[in-house]
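The structure under discussion appears below in the form of structure tokens.
Small disclaimer: the values here were computed from a predicted structure and weren't measured.
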Amino acid sequence: MAQKPSIPKGTRDFFPALMSRRNYIFDTIKSVFQLYGFQPIETPAMENLSTLMGKYGEEGDKLLFKVLNSGDFAANVPDDLLLAKDSIKLTNKISEKGLRYDLTVPFARFVVQNRNELVFPFKRYQIQPVWRADRPQKGRYREFYQCDVDVIGSDSLLNEVELIQIVAEVYRRLKINVCLKINNRKILTGIAETIGEANRIVDITVAIDKLDKIGLDKVNLELEQKGVSKEAIYKLQPILALAGSNSEKLDQIEKVIFASPTGLKGIAEMRKIFEYLKRMNLNLNVELDLTLARGLNYYTGAIFEVKANDVEIGSITGGGRYDDLTGIFGLPDVSGVGISFGADRIFDVMAQLDLFPENTSSAAKVFFVNFGESEEAYLLPVLVQLRQEGISCEIFPEAAKMKKQMIYANRKEIPFVVLAGESEMAEGKVTLKNMETGNQLLLTITELLNELKK
RNA sequence: GUGGUUGUAGCUCAGUCGGUUAGAGCGCCGGAUUGUGGUUCCGGAGGUCGUGGGUUCAACCCCCAUCAUCCACCCCA
């Protein structure tokens, strides 16, 4: 038992029944993406570490899975470096590739690298696994899928609005009750400037992001511990307590951060987005949440986060505007905006709320019982005919006991079973059994086809 | 990276004060039923009690270590 094979922690195997439900999620998301004119791309599982490092903050670098150089990777490492036991420096010598941590950074690299072949604004979607060397826990895996949609090469806020529409449509189709929270990094910058802590914006946003989780007192405590001045924290209080409708909140915050041009720009952006949304007749609760921060520090404009209303699981979709992601790779002044659906968390939510439709099974529609060689010869052409008609079917590969074959069909949840032995063959017919009702019909092959096409 | 939880059959879990042959339910296999699954009845297989050490006449049970697991923090989808 101890020797049973296993998989690395934080990874999972997916059974057929799970796969068909996962594919239901992927297919839904994919078709909505396509509805808005986004096209798929894929990038390699591995990227050069130089592409990945430094893009996710210090914490993120630690969570990158590094891939050992091939060959005799230790041979060229100087002795003093080995003895120094400095993991970071040693890593630089023995590893130059890593597994991707998200889809956005590889996408930025993709855009810069292939800029001459792309049509801008470039609208792409990408559904692939990413890897993080995090410690796994509830709703957190080391290998999980992201479903990203991004538009790059356009400043227009219409892109933000389109992404919000996509969120609304995806969750409408999946029947998940969600709330979309939206904020703007420029407003956060404005706040930081106004309270006199402009260079602490990351600390401030990370702390206030936790407001609804740990409460006001603990947020203030954390700000204090991070070295934010008492005066600044005091000035921050009314901002954290803002309430009212989205436009009321914007009006209030505007009065506070009027001296910050960046902050005002953020407010103008948000007003424009809400104005657009009003015209879209959106069936989604969009809430301006000034405490929403999101960790990734490449965001520069609007930021989004989606939470399921009926399940405690953290955010299931997130994203935002990033003005300078491609700048790091040598292509400045190309703005992009995108969001990422966390398929695995969406799966957990749907499983918990039992939202999957009944008929997601990937099993064949018809099962043929195998009675022996002559029956096989009689049935094989029928299988060919069914498949030509697009009806999925299979025959048991050996003439096993009928009970065993029926159990097989039952466990695979195949809805129809065809039986054809001596008596049926004599009449040129087959018996079709409906596995759910137990009813049986004696049919000719033509009748069988018609029956199954219903 | 920090703190905690739990490891007994394929799965979920009992297991008394440390005591001789470690149990249940579900699942699996076979039969009742040689051309009929999902219900029922009967029978059967399956365990180095996570691993290594220690205490003891004796350890699933106590101690130490180790590995795995799950949960929380950090961070995040």
Exercise for review: Answer with base, sugar-phosphate or nothing: what part of the nucleic acid does D134(A) contact at a heavy-atom distance below 4.0 Å?
Suggested key: base

**Study point:** Letter per nucleotide, 5' to 3', of nucleotides 33-44 of chain B [B base touched, S only sugar-phosphate touched, - untouched; heavy atoms, 4.0 Å]
**Key:** --BBBB------

**Study point:** rG50(B) to rU12(B) separation - P atoms, rounded to the nearest Å
**Key:** 14 Å

Check your understanding: Can you check the Y298(A) OH to rC75(B) P distance for me, whole Å?
Key -> 17 Å

Review point. For Q146(A), which contact category applies under a 4.0 Å heavy-atom criterion: base, sugar-phosphate, or nothing?
Key: sugar-phosphate

Practice item. Starting at atom CZ of F15(A), determine the distance to atom P of rG10(B), rounded to an integer number of angstrom. Key: 15 Å

Check your understanding: Any idea which of rG3(B), rC75(B), rA77(B) is nearest the L63(A) side chain?
Key -> rC75(B)

Practice item. Pick base, sugar-phosphate or nothing for S315(A), based on heavy-atom distances below 4.0 Å to the nucleic acid. Key: sugar-phosphate

Check your understanding: Should K186(A) and E193(A) count as an ion pair when the cut-off is N to O under 4.0 Å?
Key -> no

Review point. Between rC75(B) atom P and D203(A) atom CG, what is the distance in whole Å?
Key: 10 Å

Review point. Does OP1 or OP2 of rC74(B) have a side-chain N or O of K210(A) closer than 4.0 Å?
Key: yes

Practice item. Using heavy atoms to find the nearest nucleotide of RNA chain B for I316(A) and K401(A) separately, return the residue whose nucleotide is more 5′. Key: K401(A)

Review point. Could one point to a donor on the side chain of R135(A) or the base of rU2(B) with an acceptor on the other under 3.5 Å away?
Key: yes

**Study point:** rC70(B) and rU16(B), which share atom name P, separated by this distance in whole Å
**Key:** 27 Å

Check your understanding: Should stems be defined as at least three consecutive Watson-Crick or G-U pairs with both distances under 3.5 angstrom, which of them involve RNA chain B?
Key -> B:1-4 with B:70-73, B:10-13 with B:23-26, B:28-32 with B:40-44, B:50-54 with B:62-66

Exercise for review: Report the nucleotide, chosen from rA77(B), rC75(B), rA72(B), that has the shortest atom-to-atom distance to any side-chain atom of Q137(A).
Suggested key: rA72(B)

Review point. Separation of R142(A) atom CZ from rA77(B) atom P, in whole Å?
Key: 17 Å

Practice item. Indicate whether OP1 or OP2 belonging to rG30(B) is found under 4.0 Å from a side-chain N or O atom of K404(A). Key: no

**Study point:** Residue pair S31(A) / R173(A), side-chain donor-acceptor N/O under 3.5 Å
**Key:** yes

Check your understanding: Excluding sequence neighbours, so at least two apart, what forms ring-ring contact (aromatic ring centres under 6.0 Å, His included) with Y408(A)?
Key -> F367(A), F396(A)

Review point. Within the structure shown, what part of the strands sits under 4.0 Å from Y141(A) by heavy-atom distance: base, sugar-phosphate, or nothing?
Key: base

Check your understanding: Just how far, in rounded Å, is P of rC70(B) from NZ of K9(A)?
Key -> 9 Å

**Study point:** base_contact_polar (rC75(B) base, R132(A) side chain, donor-acceptor, <3.5 Å)
**Key:** no

Check your understanding: Any stacking of F341(A) on rA77(B), going by centres under 5.5 angstrom and planes within less than 30 degrees?
Key -> no

Check your understanding: Under 3.5 Å, is there a donor-acceptor pair linking the side chains of N48(A) and S50(A)?
Key -> no

Review point. Taking the same atom, C1', in rC73(B) and in rG7(B), what whole-Å distance lies between them?
Key: 24 Å

Point to revise | Separation of the P atoms in rG4(B) and rC49(B), to the nearest angstrom | key: 28 Å

Check your understanding: Any donor-acceptor pair under 3.5 Å joining the side chain of R345(A) to the base of rC76(B)?
Key -> yes

Study note, to complete from the structure: From CG of L103(A) across to P of rA77(B) the rounded distance in Å is 11 Å

Practice item. Write down the distance separating the C1' atoms in rG1(B) and rG19(B), rounded off to the nearest Å. Key: 45 Å

Check your understanding: For the side chain of D61(A) and the backbone of G54(A), is there at least one donor-acceptor N/O pair under 3.5 Å apart?
Key -> yes

Check your understanding: Any idea how Y101(A) and Y56(A) line up, ring-wise: parallel (<30°), tilted (30 to 60°), or perpendicular (>60°)?
Key -> tilted

**Study point:** Distance-only side-chain donor-acceptor flag, R135(A) / Q137(A), under 3.5 Å
**Key:** no

Check your understanding: For residues Y322(A) and T104(A), is any side-chain donor paired with an opposing acceptor at under 3.5 Å?
Key -> no

Exercise for review: With C1' as the reference atom in both, quote the distance from rG15(B) to rG47(B) in angstrom, rounded to an integer.
Suggested key: 14 Å

Exercise for review: Using the P atom as the reference point in each nucleotide, state the distance between rG43(B) and rG35(B) in Å, no decimals.
Suggested key: 26 Å

Check your understanding: For I214(A) and rC74(B), what is the distance between atoms CD1 and C1' respectively, to the nearest whole Å?
Key -> 12 Å

**Study point:** R321(A) and S335(A): side chain donor to acceptor below 3.5 Å
**Key:** yes

Review point. For T300(A), which of D323(A), T189(A), D324(A) qualifies under side chain to side chain donor-acceptor pair (under 3.5 Å)?
Key: D323(A)

Practice item. Grab the OH-P distance between Y299(A) and rC75(B) for me, whole Å please. Key: 16 Å

Review point. Does the side chain of E376(A) pick up a donor-acceptor pair with the side chain of N370(A) at under 3.5 Å?
Key: yes

